[in-house]
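Fair warning: this is a prediction, and the values are worked out from it, not measured in the lab.
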Amino acid sequence: MAAPSLPGFPHRLLRQRRDMDCPKTESGEVAVACPPDDSLVEVFSRLPAKPLFRWKCVSKDWCGLIADRLRCRKFPQTLEGFFACNGVDSYVGFICPERPVPLVDPSFSFLTKLPEIKKIVLLDSCNGLVLFGHRKVSDKYDSLGYIVCNPATEEWVSVPSSGCMPIPWINSEHEESRDDNPDTYLIFDPAISPHFQLIQFTFRHMVVFEKQDTFDLQRDQVHSFSSVTGAWRLELEGIPGLPQGMMVDTGALESVCSFKGMLHVRAHHPRRRSENLNMILAVGGEGRPFRTLHWPQNDRGVLVFIGQSQGHLHCLSGCTGNGSQMTELSIWVLEDYNAEKWVLRDNVSFSKLFGRMSGSFHLDWDVVAIHPDRNLVIFAEYWNSKLISYDMDEKKVHALCSLHGYPRYIIPYVPYFAESAALAKKH
């Protein structure tokens with residue numbers, strides 16, 4: 001069978017390696033093309049996933065080499081780029097600062113062109129899998145459940161709705177409004193299990209009495225879905241252990257992180273920000289017990305970001321000056337998870353990061369991600385539409401790229417090239 005044609009594939013490299021390393025027949029012709037495995041892996045690691053699978057048909061050796069690398073996950077699985085959205089229903093595209101052509105199809109055409117797929121809304125990404133809300137075209141609510149897919153292998157599976165409708169928020173004027181979706185997030189760690197979980201937070205209702213300056217949060221619910229059982233289950237009816245009035249920040253991506261097979265979510269008291277009322281709630285599915293990690297705000301500042309890097313949970317906190325705006329960020333590492341031992345990794349001023357003395361979180365800037373295997377933090381500057389990085393080792397700030405379309409939701413993506421039994425459908 002002839003080798004598939006792929007624009008940009010370095011044929012010259014293979015011809016050079018073949019001429020140098022391969023045996024020749026008596027007529028002087030090359031008998032077999034056999035570049036070293038290391039050279040092939042280097043070539044294969046630069047290919048998009050779909051053409052990579054096509055190259056498995058070249059020979060048995062190539063098929064075995066590619067399959068082995070995919071099974072053992074030896075291809076680079078690092079931060080590839082970011083999915084960007086303007087809002088709940090507006091997907092901007094894929095941001096890839098270091099590669100002119102992304103490894104995956106950023107338009108998800110392998111999903112959107114299928115007749116059974118209606119309207120999908122990007123919600124989350126975790127270790128190579130991507131979570132979409134699935135709706136009817138005419139319905140703004142989550143009436144068709146979810147789609148979980150792997151853009152690198154183009155595998156996907158549908159997940160039914162949990163049956164939980166968006167919950168009304170009632171303000172002091174007794175007016176009711178409704179969020180578009182229950183807050184739902186993805187947990188997937190192939191080092192632990194080939195299966196994934198969804199964690200969903202819903203609230204009974206919330207009443208804010210602005211004149212009395214009080215805050216009343218009714219008991220909330222946490223549901224989980226497991227790809228093993230294929231069913232939803234109620235994990236928590238209320239969250240015992242949280243002080244009265246505490247709420248979990250489930251609507252903010254920078255406040256949520258999948259780590260050790262559990263979802264870690266920031267919790268705070270919206271009416272008592274000056275007090276020591278910041279916590280991290282860890283929730284796992286399948287009946288696993290939840291736990292809370294305490295965050296002494298008076299010692300470490302206001303918690304603004306939760307992420308994971310190099311096998312440790314990381315947090316960023318903001319320190320304020322004389323006013324209410326932040327002037328400095330601190331980066332903390334949870335070196336001992338069980339003992340809750342936090343170690344200060346670095347401090348960086350706003351003047352160094354952004355060229356200004358202070359800034360308003362969510363309005364002027366956001367923490368987008370911490371690099372999974374480097375001491376690097378990525379920020380979004382909204383006032384000039386730029387993506388920047390801060391290198392904790394070099395103490396330097398680097399401009400990465402421009403943010404076209406002014407995205408407000410930027411979701412990091414790390415590709416995962418292995419096929420998964422949890423994703424049953426493949427286009």
Side-chain angles (χ1 to χ4, degrees), residues 48-50 52-53 56 66-75 77-78 80 83 103-105 108-112 114 116-118 120-135 142 144-164 181-201 222-235 256-264 282-288 308 372 411-427:
K50 189 172 183 178
L52 177 63
F53 280 100
K56 292 169 67 175
I66 293 173
D68 177 66
R69 294 306 187 269
L70 291 174
R71 283 194 300 269
C72 298
R73 304 191 300 274
K74 293 180 181 179
F75 284 116
Q77 292 185 102
T78 189
E80 173 66 18
F83 298 111
L103 286 174
V104 299
D105 176 9
F108 300 99
S109 60
F110 66 94
L111 280 177
T112 56
L114 298 177
E116 64 265 41
I117 304 297
K118 306 302 181 183
I120 56 176
V121 179
L122 184 63
L123 299 179
D124 194 15
S125 177
C126 182
N127 290 323
L129 301 190
V130 177
L131 172 67
F132 290 96
H134 190 202
R135 306 173 184 166
D142 180 26
L144 297 178
Y146 300 90
I147 298 290
V148 178
C149 77
N150 184 343
T153 62
E154 300 189 356
E155 297 173 299
W156 63 280
V157 68
S158 60
V159 175
S161 171
S162 67
C164 296
N181 276 301
D183 295 319
T184 308
Y185 296 94
L186 177 64
I187 297 178
F188 174 64
D189 188 346
I192 298 176
S193 170
H195 292 275
F196 67 84
Q197 296 182 77
L198 302 185
I199 300 293
Q200 182 182 86
F201 296 86
V222 180
H223 291 80
S224 72
F225 174 88
S226 169
S227 63
V228 177
T229 63
W232 289 90
R233 59 172 287 164
L234 176 64
E235 294 290 339
V256 180
C257 170
S258 175
F259 180 67
K260 289 185 176 292
M262 301 183 75
L263 196 71
H264 292 69
V283 179
E286 301 177 324
R288 296 177 61 184
Q308 70 89 20
I411 303 174
Y413 171 67
V414 177
Y416 178 65
F417 295 102
E419 295 180 344
S420 173
L423 306 179
K425 298 180 181 180
K426 185 175 180 179
H427 177 62

**Q.** Nearest-0.5 Å distance that lies between atom CG in Leu186 and atom CG in Leu198
**A.** 6.0 Å

Between side-chain atoms of residues 223-230 and protein atoms elsewhere (two or more places apart, or another chain), which donor-acceptor pairs fall under 3.5 Å?
unit_1: Ser224; atom_1: OG; unit_2: Glu235; atom_2: OE2; d: 2.6
unit_1: Ser226; atom_1: OG; unit_2: Val228; atom_2: N; d: 3.1
unit_1: Ser226; atom_1: OG; unit_2: Glu286; atom_2: OE2; d: 3.0
unit_1: Ser227; atom_1: OG; unit_2: His195; atom_2: ND1; d: 3.0
unit_1: Ser227; atom_1: OG; unit_2: Phe196; atom_2: N; d: 3.0
unit_1: Ser227; atom_1: OG; unit_2: Phe196; atom_2: O; d: 3.2
unit_1: Thr229; atom_1: OG1; unit_2: Ala231; atom_2: N; d: 3.4

Q: State the CG-CD distance between Asn127 and Gln308, to the nearest 0.5 angstrom.
A: 6.5 Å

Q. Which distance, rounded to the nearest 0.5 Å, do you find between the OG1 of Thr184 and the CG of Leu123?
A. 6.5 Å

(Q) Using only atom types and a distance under 3.5 Å, with no angle test, would you say the side chain of Arg288 pairs donor to acceptor with the backbone of Gly261? (A) yes

Q: Using the test side-chain hydrogen bond (donor to acceptor under 3.5 Å, both in side chains), find all partners of Asp105 that sit at least two apart in sequence or belong to another chain.
A: Ser107, Ser109

Q: Test Asp183 against Val256 for side chain to side chain contact (heavy atoms under 4.5 Å, CB included), laying out the working first.
A: CA-CA 11 Å; Asp183 295 319; Val256 180; over 6 Å; no

Q.
Let me confirm one number: the CD1-CG distance from Ile120 to Leu131, rounded to the nearest 0.5 Å.
A. 10.5 Å

Q | Spacing of OG belonging to Ser125 relative to CZ belonging to Phe188, to within rounding of 0.5 Å | A | 10.5 Å

Q | Residues in side chain to side chain contact (heavy atoms under 4.5 Å, CB included) contact with Cys149, at least two apart in sequence or another chain | A | Phe108, Phe110, Leu111, Val130, Phe132, Pro151, Trp156

Q. Just how far is it from atom CG of Leu234 to atom CD of Gln200, taken to the nearest 0.5 Å?
A. 10.5 Å

Q: Begin with the C-alpha distance, continue with both residues' side-chain angles, and end with the deciding distance and a verdict on side chain to side chain contact (heavy atoms under 4.5 Å, CB included) for Val159 and Trp232.
A: CA-CA 9 Å; Val159 175; Trp232 289 90; 4.1 Å; yes

